[in-house]
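Here is the structure we will look at.
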Amino acid sequence: MSYYKIDNLEHYFKMYKKSVREPRKFWDKIADENFTWYQKWEKVFEVNFEEAKFKWFVDAKVNITKNCIDRHLARRGDKTAIIFEPNNPDEDALHITYNELYDRVARMANVLRDQGVKKGDRVCIYLPMIPELAIATLACARIGAVHSVVFAGFSASAVAARINDCDCKMVITSDGSYRGEKTIDLKVIIDEAIEKTPCVEKVLVVKRTDTKVTMKEGRDIWLQPLLDAAIPNNVAEIMDAEDPLFILYTSGSTGKPKGMVHSTAGYMVYTAYTFKNVFAYEENDIFWCTADIGWITGHSYILYGPLLNGATTVIFEGVPSYPDYSRFWEVIEKHNVTQFYTAPTAIRALAKENLDYVQRFPLKSLKVIGSVGEPINEEAWHWYNDHVGGKRCPLVDTWWQTETGGIMISPIPFVTPTKPTYASLPLPGIQPVLMDELRNEIEGNQVTGSLCIKFPWPAIARTIWNDHQRYKETYFTAFPGKYFTGDGALRDEVGYYRITGRVDDVIIVSGHNLGTAPIEDAINEHPAVAESAIVGFPHDIKGNALYGFIILKEVGESRDKVNLAKEINQLVSDQIGPISKLDKIQFVSGLPKTRSGKIMRRILRKIAEGDFSNFGDTSTLLNPEIVDEIKDGKI
């Protein structure tokens with residue numbers, strides 16, 4: 001019986017029980033049978049919840065790119081590893097075989113070494129969804145450099161903050177990027193960012209849009225001539241199992257973004273295992289995840305998970321609405337995609353368009369469809385299931401986080417039955433529990449609580465870069481001895497889990513976790529603003545949108561509120577990125593606060609949602625009269 005591939009429901013329950021009762025044996029067998037190691041481990045894991053320290057495959061030696069590329073060459077060298085589908089459908093798609101991927105990654109790895117990058121150095125990658133993004137990421141892993149991919153939609157100040165936080169030695173960017181009908185000048189953004197980043201020594205520039213750029217002598221270098229001169233062979237660095245593989249920044253509920261650190265071996269084993277099972281991957285399938293590699297979804301299920309399994313993975317440069325709303329379905333048909341993994345935000349946007357966009361394509365190649373980034377609402381679930389999956393493809397509604405590294409709760413296609421809006425059952429090795437406000441575990445079914453995980457898994461993030469105390473306080477103090485996800489959940493009568501949303505001040509907008517604190521900090525920098533509070537409210541397309549309650553410095557500020565709102569949103573866009581813009585801005589004279597000064601966001605959320613019932617006892621507020629004033633002024 002295979003430990004690695006789950007075949008039926010009985011097999012699932014058997015493997016799940018083994019993973020809980022004998023986690024050492026379970027993960028030992030998976031890691032031993034399916035990967036190439038320089039040296040095996042002394043112990044499968046070491047766990048210390050009190051100090052929030054976790055080690056997996058202790059003292060093992062490995063390189064993830066040997067497992068992503070080299071070990072496939074003998075049997076799959078001529079197989080397509082990556083299909084690049086450009087933004088413009090008139091531009092030819094590119095098929096990169098495993099042999100070609102080895103050549104390109106080896107050349108890039110040699111370029112990095114020649115430019116002074118060595119094991120342990122941090123490299124910021126700020127590129128659009130082009131093959132060079134995947135190749136640069138893999139090349140960093142090849143030589144043991146720690147990659148920090150920053151989504152190429154962030155502003156200069158947001159990029160600079162991430163570069164400075166992890167002390168990046170090099171930045172890899174491009175002259176520009178295409179996004180639908182737009183061309184974005186990425187190099188200009190990087191130039192502005194690097195004015196505030198003294199740690200950056202070199203900038204490698206990919207030519208994509210032929211946009212005219214300024215190249216600073218001694219710092220900026222065009223990448224292609226370096227690649228042309230590089231040797232197409234490279235010896236991979238031998239990495240310790242716990243050496244950092246990458247740093248990926250995610251929004252926190254307070255303060256600056258958190259640089260989540262993922263290690264090498266545990267992440268490798270877990271992403272490979274979850275990819276294989278959650279997507280029912282078989283040899284010669286074509287897998288397409290529509291995310292950006294700048295997010296954890298792209299790291300785990302565009303790049304590492306598929307390549308570790310010798311799969312063919314699609315990298316898509318464009319957007320679902322260009323040149324029209326049939327683009328996703330046209331690409332599925334064009335490349336005979338078998339597994340399609342996208343976000344509820346995209347599904348809701350496409351569901352609003354004419355059905356003809358999707359119905360003109362048979363989509364017969366599809367066998368599994370998936371949802372990621374946020375809980376999917378029932379209406380979107382049924383539209384996706386009916387019109388894309390044709391009521392014949394299992395819909396895997398996956399729950400996981402940047403911090404978890406890989407999928408944690410999900411149906412397994414053709415194994416566990418699906419249920420609309422439910423992530424269903426935990427994967428083997430994952431032990432979810434629901435906790436009450438008194439920190440007690442809630443037993444039984446048909447219950448709700450705070451979702452925690454009571455035993456670590458191989459891909460758990462190891463720390464926050466340079467701030468382990470924050471890591472410990474954020475994830476391991478609310479419920480001692482457990483990892484606190486920050487999400488609430490319910491467990492139904494058969495034990496299926498449904499995620500009910502964040503219980504902290506992080507709002508999921510279009511599948512992206514946005515912390516309220518950095519957005520409020522940006523708003524408060526406007527000279528007319530005294531204080532602000534941001535909450536989320538339901539949105540038909542984005543899932544959630546941002547609603548801002550803003551106090552101006554001068555009571556009865558006479559300025560044009562429409563232009564003031566535009567200025568505030570421009571400030572947010574410049575400092576954090578367009579994804580963080582507020583959909584609604586309400587100017588108020590005060591905010592509902594406790595006597596200790598804490599803003600009662602619960603009340604603001606209800607007002608933003610248009611729910612004026614059950615505010616609770618407002619008499620305990622410092623200023624109870626403000627609630628009616630805000631309610632009456634709701635936009």
Side-chain angles (χ1 to χ4, degrees), residues 6 8-21 23 26 49 270 274 277-278 344 370-382 384-385 394-457 459-460 475-476 478-504 506 508 513 538 543-544 602:
I6 297 168
N8 54 55
L9 195 56
E10 182 184 1
H11 189 192
Y12 162 77
F13 284 118
K14 188 169 185 176
M15 287 297 103
Y16 187 79
K17 285 174 185 173
K18 276 184 181 292
S19 75
V20 173
R21 290 174 184 165
F26 178 80
F49 265 113
Y270 193 76
T274 51
N277 284 291
V278 171
S371 168
V372 60
E374 60 188 298
I376 186 169
N377 58 298
E378 190 156 359
E379 186 180 2
W381 192 101
H382 283 293
Y384 192 22
N385 180 65
L395 197 171
V396 291
D397 177 4
T398 61
W399 175 83
W400 59 297
Q401 302 172 315
T402 302
E403 296 87 340
T404 73
I407 296 164
M408 304 281 278
I409 303 175
S410 171
I412 297 174
F414 317 108
V415 174
T416 48
T418 60
K419 181 178 179 179
T421 75
Y422 281 76
S424 78
L425 296 173
L427 296 181
I430 306 306
Q431 300 182 40
V433 289
L434 298 181
M435 307 295 291
D436 66 19
E437 293 176 357
L438 299 176
R439 298 180 170 179
N440 297 316
E441 185 176 332
I442 305 169
E443 303 285 352
N445 290 337
Q446 293 186 289
V447 292
T448 61
S450 294
L451 180 62
C452 295
I453 312 295
K454 68 178 180 182
F455 193 82
W457 57 99
I460 186 173
Y475 303 106
F476 300 97
F479 300 94
K482 296 174 180 63
Y483 167 81
F484 176 41
T485 68
D487 281 333
L490 63 83
R491 192 164 54 225
D492 76 0
E493 64 279 0
V494 298
Y496 272 29
Y497 286 87
R498 178 181 182 179
I499 310 305
T500 54
R502 301 296 290 175
V503 296
D504 57 17
V506 173
I508 300 177
N513 286 8
N544 293 292
R602 175 182 58 79

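Remember, predicted model here, so these are calculated numbers, not experimental data.
- At least one side-chain heavy atom of Tyr270 sits less than 4.5 Å from a side-chain heavy atom of Met408.
- You'll find the side chain of Thr418 reaches within 4.5 Å of the side chain of Trp381, heavy atoms only.
- Summarising the geometry of Phe479 relative to Ser450, their closest heavy-atom pair is CZ-CB, 3.8 Å, with the distance given to 0.1 Å.
- The shortest distance between side-chain heavy atoms of Pro456 and Tyr483 does not fall below 4.5 Å.
- Between Ser410 and Val396, the shortest heavy-atom contact is OG-CB, 3.8 Å.
- Considering only heavy atoms from C-beta on, Ile6 stays 4.5 Å or farther from Tyr16 through its side chain.
- Considering only heavy atoms from C-beta on, His382 comes within 4.5 Å of Pro420 through its side chain.
- Screening Tyr497, Tyr496, Trp399 against Ser424 for a side-chain contact (heavy atoms from CB on, under 4.5 Å) leaves a single residue, Tyr496.
- Put simply, the side chain of Phe484 does not reach to within 4.5 Å of the side chain of Phe476, judged on heavy atoms.
- Of all the heavy atoms in Ile376 and Ala380, the pair that sits closest is CG1-CB, 3.9 Å.
- Counting heavy atoms from C-beta on, the side chains of Pro428 and Tyr12 come closer than 4.5 Å.
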Side chain to side chain contact (heavy atoms under 4.5 Å, CB included) assessment of Leu425 paired with Ile412: CA-CA 9 Å; Leu425 296 173; Ile412 297 174; over 6 Å; no
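- Between Thr448 and Leu434 there is no side-chain heavy-atom pair separated by less than 4.5 Å.
- Judged by distance alone, with hydrogens and angles left aside, the side-chain atoms of Thr485 form a donor-acceptor pair with the main-chain N or O of Leu451 at under 3.5 Å.
- A donor-acceptor distance shorter than 3.5 angstrom exists from the side chain of Tyr384 to the backbone of Gly370, with no hydrogens or angles considered.
- Although no hydrogens or angles enter the test, the distance criterion places no donor-acceptor pair under 3.5 Å between the side chain of Tyr422 and the main chain of Arg491.
- At least one donor-acceptor pair under 3.5 Å links the side chain of Thr500 to the backbone N or O of Gly488.
- Remark: Thr402 pairs with Leu248, Thr250, Met260, Ile296 by the side chain to side chain contact (heavy atoms under 4.5 Å, CB included) rule, at least two apart or across chains.
- Considering CG of Asn8 and CZ of Phe13, their distance stands at 11.0 Å, rounded to 0.5 Å.
- Nearest approach of Val372 to Trp400, heavy atoms of both residues: CG2-NE1, 3.4 Å.
- Closest approach of Trp457 to Phe455, counting heavy atoms only: CE3-O, 3.5 Å.
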Ile430 vs Ile453, side chain to side chain contact (heavy atoms under 4.5 Å, CB included): CA-CA, chis, key distance, verdict: CA-CA 7 Å; Ile430 306 306; Ile453 312 295; 4.2 Å; yes
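- Lys419 meets the salt bridge (Lys or Arg N to Asp or Glu O under 4.0 Å) test with Asp492, Glu493; sequence neighbours excluded.
- To the nearest 0.5 angstrom, Met435 atom CE is 8.0 Å from Ile442 atom CD1.
- Applying the salt bridge (charged side-chain N to carboxylate O under 4.0 Å, His left out) definition to pairs two or more places apart or across chains, those involving residues 420-445 are Glu441-Lys454.
- Between the side chain of Thr398 and the backbone N or O of Ser371, at least one donor-acceptor pair lies under 3.5 Å.
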